[in-house]
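Notes for the one structure printed next.
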Protein chains: 2
Amino acid sequence: MTAILDKKRMGASEVAAEIRAMIVAGSLNSHDRLPSERALCARYGVSRGTIRDALLRLKNEGLVEIRLGSGSYVLENLARQHYEAIIRNTRPLELVDVRFALEPHICRLAVLHGQVADFDRLESHINEMEENADDAQIFAHIDARFHLDLVKSTNNSLLIWIIGEVNEVRKQEQWAKVRSITLEGAIIRTYNAQHRAILTALRARDSEGAANLMKEHLDTARKSLTQAIGS
Amino acid sequence: MTAILDKKRMGASEVAAEIRAMIVAGSLNSHDRLPSERALCARYGVSRGTIRDALLRLKNEGLVEIRLGSGSYVLENLARQHYEAIIRNTRPLELVDVRFALEPHICRLAVLHGQVADFDRLESHINEMEENADDAQIFAHIDARFHLDLVKSTNNSLLIWIIGEVNEVRKQEQWAKVRSITLEGAIIRTYNAQHRAILTALRARDSEGAANLMKEHLDTARKSLTQAIGS
DNA sequence: TGATATTGGTATAGATTTGGTATATTAGGA
DNA sequence: TCCTAATATACCAAATCTATACCAATATCA
C-alpha cells in the first residue's frame, strides 16, 4: 500500500497531525508545555496563523489547552487512557459474549421501533457485503456498519453509543490477524445468508425470530473463533 | 519482455476502493487531510472528475468529509465525541431497554464464571439494601454497586466497563427525581426479594433461572417507571 | 515590588490553494 | 448505434497561508 499523504506540504492539518501523533504516542506527556507558537513556526516552516489553526484543532479535540500569555499544554485525559486500555485488551471471545448479550435484544427493539427506511439501509449493506465477499477487510468494515445501522433503527441513543464502542474494539490492529484466520469465503457467505435472514425477520416484524436468528449468527461467529484459536 | 500485467484501468470505484482500504486498514487516520483533488489526479493518473466521483462515494459512506476551499478529511467514527451528551440525555425507559439487553445475559455469564466469593459480596450488598429499605438514596447507591459487582463476576472487562458507563447515567442529577417517585418502600422490598432470588439461582448455577429472574426484576422496574410517568 | 521580556489573541491584506460547477469531447461496451 | 463513463478545460467561490503589526495576559528577574 503506497503512502498517499503528501508530507512535503505543511498546512494546519499536517502540523496538527504531527503534534497529535506525539501526544497519543506518549512522547508528549500530560501537562507538558508545547513550544511557543513562534517557535513552532520556525520548526515547521509555516506562518503563525497556520500554527494557530493547528493548535485550535487540537484544542477542539480536547488534546491541548491554550493559556493566554503562558503557552499551550498537553491535557491529561484519564477517561481516554482508561478507554483505550479497555479497547486494546479486550479479547475476541469476550467481545462475542458482549455481542451475545446485546444484539438479540437489539433485534427485538428494532422490530418495535424500526422504520422501513432503516431496513432498506440494512439491505444495501447486505448487498455491498455480498459484492465484497472476497475481501475480508472490506467485508468486516461493512459488517460493522450493518450492526451499527441495525442498532440505530432502535432509536436508543445509549444503545447506539455502546455498539459504536464495541465496533471500536473490532477495529484494533491485532484483530486483523483474527479476521484473516476466520474470515474466509465460506464463512463470509454464511454470514451473508444469516444477515439476510435476520433482515427478513425484521421486515416481518417477527421479534423472537429475529432475535433467535441473531443468536445463531453470533453462535457461528463464536464457533469459527474457537476453532481458529484451537488450531 | 511482454508485460503480463496491463496497467490497471482506474475508474471512480477503483480509486474509491483504494482510499477506502487505506482508511479501513488504518494507514489513514482520523483528521488526516487527503491530498488535493488535483494531486490525486496525478497520483492515480485519472481526471479530476473521476477523483471527485470517488470522493463523493466515500463521503456518502460517512468515511470522508469534503470542505470547500480546504480539502477532504478522514472522519473519525463518531459515537466517541458525543459521550457526555449521550449520558446526559438518556431517558429512563431507554436505560431500562439497555439493561434488559445486558443483564439477563450477564446472569448467564456470572453462572459460568462467578466464584463463591463474588456471590458472597453480592449477598452482603443485599443485606445492606435490606437494612436501608427506607432510604431511597442509599438504596439506589448500593443497588448500583450490586449490579456492578454482578457484572464483575463475569470477568469480562469490556462488559464491566459498559455497565460502569451505564451506571454513570443513573448518577445524573435529574434522575434523583425519578428515584424519589418510583422508589418507595413497597417497591424496594420487591427489589430486595428479587435480588435475593437472583443470587440463589446464581449459587445453584441455574443460568436460565437467573436470567429469567433478572428479566422479572427489570420488568418490575419498567412497570413502576411507566406507572410513574403516566401519573 | 516593578520593569521588562515573552506569550497568546486579534486584525488586516494579498497571494495561493482548494473544492464546486458547467461544458464539450472522447473512449469503450452493450 | 446508443449510452455510460471518463477526459479535458475553464472559471467561480471559499478557505488557507503568509506577513506584519499591535494588544493583553503572563512570566521572569533585578
Side-chain angles (χ1 to χ4, degrees), chain A residues 3-20 22-23 28-76 127-128 131, chain B residues 3 5-20 22-23 28-76:
Chain A
I4 192 178
L5 292 183
D6 188 353
K7 288 298 180 190
K8 206 180 69 174
R9 172 178 176 72
M10 273 300 239
S13 169
E14 286 71 27
V15 173
E18 289 214 7
I19 299 177
R20 186 189 302 112
M22 284 192 267
I23 294 177
L28 284 175
N29 297 317
S30 301
H31 308 296
D32 277 355
R33 216 199 86 166
L34 299 178
S36 72
E37 296 182 350
R38 290 163 179 91
L40 288 171
C41 295
R43 169 173 313 183
Y44 290 106
V46 296
S47 77
R48 206 179 140 211
T50 303
I51 291 294
R52 193 134 237 292
D53 192 344
L55 289 177
L56 282 179
R57 296 187 193 208
L58 297 176
K59 175 190 167 190
N60 289 332
E61 294 170 28
L63 287 175
V64 303
E65 176 190 12
I66 308 178
R67 294 192 210 136
L68 198 163
S70 176
S72 301
Y73 298 83
V74 178
L75 282 179
E76 80 175 327
N127 292 333
E128 262 194 280
E131 290 165 12
Chain B
L5 293 177
D6 283 324
K7 200 156 62 168
K8 197 168 38 172
R9 229 180 75 79
M10 294 272 264
S13 72
E14 283 79 16
V15 173
E18 287 218 7
I19 298 178
R20 186 193 299 115
M22 284 190 250
I23 295 176
L28 284 175
N29 299 315
S30 301
H31 307 289
D32 278 350
R33 177 169 62 180
L34 300 179
S36 71
E37 296 181 350
R38 290 164 178 91
L40 289 171
C41 296
R43 175 178 301 275
Y44 289 107
V46 297
S47 76
R48 206 178 142 211
T50 304
I51 292 294
R52 192 135 240 290
D53 194 344
L55 288 176
L56 282 180
R57 296 183 193 217
L58 298 177
K59 176 189 167 190
N60 289 332
E61 293 172 24
L63 287 175
V64 153
E65 176 190 12
I66 306 178
R67 294 191 212 143
L68 197 162
S70 179
S72 301
Y73 294 82
V74 178
L75 280 180
E76 74 180 319

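In what follows, every chain begins at residue 1, and chains take the letters A, B, ... in the order their sequences are listed.
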Can you check the [X] [atom1] to [N] [atom2] distance for me, whole Å?
X	N	atom1	atom2	answer
R33(A)	dG8(C)	CZ	C1'	10 Å
D53(B)	dA8(D)	CG	P	16 Å
L40(A)	dT6(C)	CG	P	17 Å
I51(B)	dT21(C)	CD1	P	18 Å
Y44(B)	dT7(D)	OH	P	14 Å
L56(B)	dA5(D)	CG	P	14 Å
E37(B)	dT17(C)	CD	C1'	12 Å
L55(A)	dT7(C)	CG	P	14 Å

Expected list for residues 37-46 of chain A: side-chain donor-acceptor pairs under 3.5 angstrom, two or more places apart:
| unit_1 | atom_1 | unit_2 | atom_2 | d |
| --- | --- | --- | --- | --- |
| E37(A) | OE1 | R48(A) | NE | 2.9 |
| E37(A) | OE1 | R48(A) | NH2 | 3.1 |
| E37(A) | OE1 | R52(A) | NE | 3.4 |
| E37(A) | OE2 | R52(A) | NE | 3.4 |

Rounded distance [0.5 Å steps], [atom1] in [X] versus [atom2] in [Y]:
X	Y	atom1	atom2	answer
L28(B)	I23(B)	CG	CD1	5.5 Å
L34(B)	L55(B)	CG	CG	6.5 Å
H31(A)	L75(A)	NE2	CG	8.5 Å

- Item | Salt-bridge present (E14(A), R9(A); N to O < 4.0 Å) |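 Result for this pair is no, no salt bridge flagged.
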
- Item | Electrostatic pair R20(B)-E61(B), nearest N-O below 4.0 angstrom |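 Judged by the 4.0 Å cut-off on N to carboxylate O distance, R20(B) and E61(B) do form a salt bridge.
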
- Nearest-nucleotide pick for S36(A), side chain only, options being dT16(D), dG19(C), dG8(C): dG8(C)

- Reading 5' to 3' through nucleotides 20-30 of chain D, protein heavy-atom contacts under 4.0 Å coded B for base, S for sugar-phosphate only, - for none: -B---BSS---

- Message: Please determine whether salt bridge (Lys or Arg N to Asp or Glu O under 4.0 Å) holds for the pair E65(A) and K59(A), giving the CA-CA distance in whole Å, both sets of side-chain angles, and the decisive distance to 0.1 Å.
- Response: CA-CA 6 Å; E65(A) 176 190 12; K59(A) 175 190 167 190; over 6 Å; no

- Item | Residue whose nearest DNA chain D nucleotide is more 5′ - A12(A) or G45(B) | G45(B)

- Message: Taking the nucleotide of DNA chain C with the nearest heavy atom to each, does L34(A) or I66(B) sit closer to the 5' end?
- Response: L34(A)

- With nearest nucleotides of DNA chain C determined for R9(A) and P35(A) from heavy-atom distances, which residue corresponds to the more 5′ nucleotide?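 Taking each residue's closest nucleotide, the earlier one in sequence belongs to P35(A).
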
